[in-house]
Engineer: 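First, the structure itself, so that you have it in front of you.
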Amino acid sequence: MKSQQIVLTSRPTGAPTSSNFKMKFTEIGPIDDGEFLVKNSWMSVDPYMRGRMKSADSYVPAFQIDEPLEGGCIGEVIESRNKDFSKGDTVLGSLGWREYWKSNGDGVTPIDPNLAPIQAFLGVLGMTGLTAWVGLNRIASLQSGSTVFVSAASGAVGSIVVQLAKAKDCRVIGSAGKAEKIEWLKQKTGIDKVINYKETSDLVGELAENAPDGIDVYFDNVGGDHLEAALDVINDFGCCVECGMISTYNATEPIPAPRNLFQVIGKRIRMQGFIVRDHLDAKDEFVREMTKLIKADKVVWKESITEGLENAPAAFIGLFDGDNLGKQLVRIS
Ligand code: NDP
């Protein structure tokens, strides 16, 4: 059978553009014993994919030119010769950016469609939700009553960080780049203050004004000027959770360090990066806790949905323009 897939045709220089991607047909042969065939329904686009478009491997291997891209996806098993997966099962896999894929089951997780809308397993109950949970619980060891600053606060990870911290009775300050996002955060998440970083020339001043007693935890999704501001305003013995630095992903020159990095010493700051994949052992505890919070209306989520596999590159590119509110998804079928 024929399957459409999106391949990387060239490595982006600076911001990715549609010319870096192309839709291609491929032939999928019959499944062998032990295999099953999945039709994708949803796929995720994530900022980390930009790193995989560079030629050098980092903590994940680089995407190859003229090969299909990969990433989180949810689909339905439509044919199976594997005893653990039956026709009609909903599964979570890592072969997004295509219509169909075959598998022997390695790295594929069955999803319970009765627990939540299936695409939630790419967001609030999936990788991005787990990232928020791990960053706050395992990296920051967040204590009730702390003041937390989170950048990209209306995004997939950020919006969950805000609500998990509020559920722990923390004071939460966020940053976002659009009025619509700020309104959503204020209406839906219980956030205490939001800074529109695109409308200020003094991020440090705004942060200090909104956090008169300083901040205890900075959950960094952005890096650059946001990290620098956080280092200035963070309290002694504060913690910077280094989750992501999206402001640097399209840089064509080496990134200057925060000019005030010495604050790490002066203030005895703990700064720790993490990769969510190292914490998959936390998945069950995370899903248990998150489903409870969702049922108690303490966590809500938002999805930005792009229709059609052919529009997946645009959805990905939009992450860097701030097009998405909440989790950016692509509906494939
Ligand atoms: P988001 O849903 O937050 O989407 C990206 C958002 O980032 C945009 O909507 C935009 O919002 C903001 N943004 C884009 N460019 C800039 C910029 N130059 N300066 C400031 N803000 C910018 O994505 P995710 O929630 O999926 O990811 C958030 C971060 O977490 C990323 O850095 C990602 O790499 C990281 N991450 C790390 C993981 C880990 O294991 N360490 C796992 C998953 C994600 P706005 O309108 O507010 O500008």
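Read the numbers this way: they start at 1 and go in the same order the structure lists the ligands and their atoms. In what follows, residues are counted from 1 in the order of the sequence shown.
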Engineer: State plainly whether the residues Arg331 and Glu307 are in salt-bridge range, i.e. N to O under 4.0 Å.
Structural biologist: yes
Engineer: With heavy atoms of Gly244 as the reference, note each atom of ligand 1 found under 4.0 Å away.
Structural biologist: 32 (O), 35 (C)
Engineer: Pairs of nitrogen or oxygen atoms closer than 3.5 Å, one from Ala176 and one from ligand 1: do any exist?
Structural biologist: no
Engineer: Heavy-atom distance to atom 37 (C) of ligand 1: which of Ser159, Ser175, Cys243, Ser44 wins?
Structural biologist: Cys243
Engineer: Can you list the steps and then say if Glu79 with Lys87 is a salt bridge (Lys or Arg N to Asp or Glu O under 4.0 Å)?
Structural biologist: CA-CA 5 Å; Glu79 209 184 319; Lys87 189 173 169 187; over 6 Å; no
Engineer: Taking the non-hydrogen atoms of Gly224, is any one of them nearer than 4.0 angstrom to ligand 1?
Structural biologist: no
Engineer: Between Thr131 and ligand 1, which part of the residue brings a heavy atom under 4.0 Å of the ligand: side chain, backbone, both or neither?
Structural biologist: side chain
Engineer: Met127 near ligand 1, heavy-atom distance under 4.0 Å?
Structural biologist: yes
Engineer: Under 4.0 Å from any heavy atom of Asn324, which atoms of ligand 1 are there?
Structural biologist: 1 (P), 2 (O), 4 (O), 8 (C), 9 (O)
Engineer: If you look at every heavy atom in Gln143 and Cys170, which pair is closest and at what distance?
Structural biologist: O-SG, 3.5 Å
Engineer: Give the numbers and elements of all ligand 1 atoms closer than 4.0 Å to a heavy atom of Gly326.
Structural biologist: 2 (O)
Engineer: How would you list all residue pairs meeting salt bridge (Lys or Arg N to Asp or Glu O under 4.0 Å) that involve residues 165-181, not counting sequence neighbours?
Structural biologist: Lys166-Asp192
Engineer: Taking the minimum heavy-atom distance to atom 14 (C) of ligand 1, which of Leu185, Asn250, Leu319 ranks first?
Structural biologist: Leu319
Engineer: Could you establish whether Lys181 and ligand 1 come within less than 4.0 Å of each other, counting only heavy atoms on the residue side?
Structural biologist: yes
Engineer: Would you call the rings of Phe85 and Phe36 parallel, tilted or perpendicular, taking 30° and 60° as the class edges?
Structural biologist: parallel
Engineer: Note the single closest protein heavy atom to atom 34 (O) of ligand 1, along with its residue, its atom name and the distance in Å.
Structural biologist: Tyr249 OH, 2.7 Å
Engineer: List, one per line, each side-chain donor-acceptor pair under 3.5 Å for residues 203-213, sequence neighbours excluded.
Structural biologist:
{"residue": "Asn210", "atom": "ND2", "partner": "Glu206", "partner atom": "O", "Å": "2.8"}

Engineer: What atoms in ligand 1 come closer than 4.0 Å to a heavy atom of Met245?
Structural biologist: 32 (O)
Engineer: Can you tell me if Trp133 and Glu289 form a side-chain donor-acceptor pair at under 3.5 Å?
Structural biologist: yes
Engineer: Verify the distance criterion only: is there a donor paired with an acceptor across the side chains of Gln272 and Glu242 at less than 3.5 Å?
Structural biologist: no
Engineer: Distance from Met43 atom CE to Leu95 atom CG, nearest 0.5 Å?
Structural biologist: 11.5 Å
Engineer: List ligand 1 atoms under 4.0 Å from Ile246, heavy atoms only on the residue side.
Structural biologist: 5 (C), 7 (O), 13 (N), 14 (C), 15 (N), 16 (C), 22 (C), 32 (O)
Engineer: Give the atom numbers and elements of ligand 1 that come within less than 4.0 Å of a heavy atom of Phe320.
Structural biologist: 15 (N)
Engineer: As an exercise, state the distance from CG of Asn324 to CG of Leu329, rounded to the nearest 0.5 Å.
Structural biologist: 10.0 Å
Engineer: Where the closest heavy atom to atom 17 (C) of ligand 1 is concerned, which of Ser247, Gly318, Gly155, Ala251 has it?
Structural biologist: Ser247
Engineer: Hey, what's the ring geometry for Tyr197 with His226, parallel, tilted or perpendicular (30° and 60° as the breaks)?
Structural biologist: perpendicular
Engineer: Quick test of your reading of the structure: of Phe274, Tyr59, Tyr197, Tyr48, whose heavy atom lies closest to atom 21 (N) of ligand 1?
Structural biologist: Tyr197
Engineer: Rounded to the nearest 0.5 Å, how far does NZ of Lys2 lie from CD of Glu27?
Structural biologist: 4.5 Å
Engineer: Would you say Asn221 and ligand 1 have an N/O pair spaced under 3.5 Å apart?
Structural biologist: yes
Engineer: How does Val222 reach ligand 1, if at all, at less than 4.0 Å between non-hydrogen atoms: by side chain, backbone, both, or neither?
Structural biologist: side chain
Engineer: Please work out whether the ring planes of His279 and Phe274 are parallel, tilted or perpendicular, with thresholds of 30° and 60°.
Structural biologist: perpendicular
Engineer: With atoms numbered from 1 as shown, which atoms in ligand 1 lie under 4.0 angstrom from a non-hydrogen atom of Val276?
Structural biologist: 39 (C), 40 (O)
Engineer: List ligand 1 atoms under 4.0 Å from Ile275, heavy atoms only on the residue side.
Structural biologist: 40 (O)
Engineer: Of all the non-hydrogen atoms in the protein, which one sits nearest to atom 47 (O) of ligand 1, and at what distance?
Structural biologist: Gly177 N, 3.0 Å
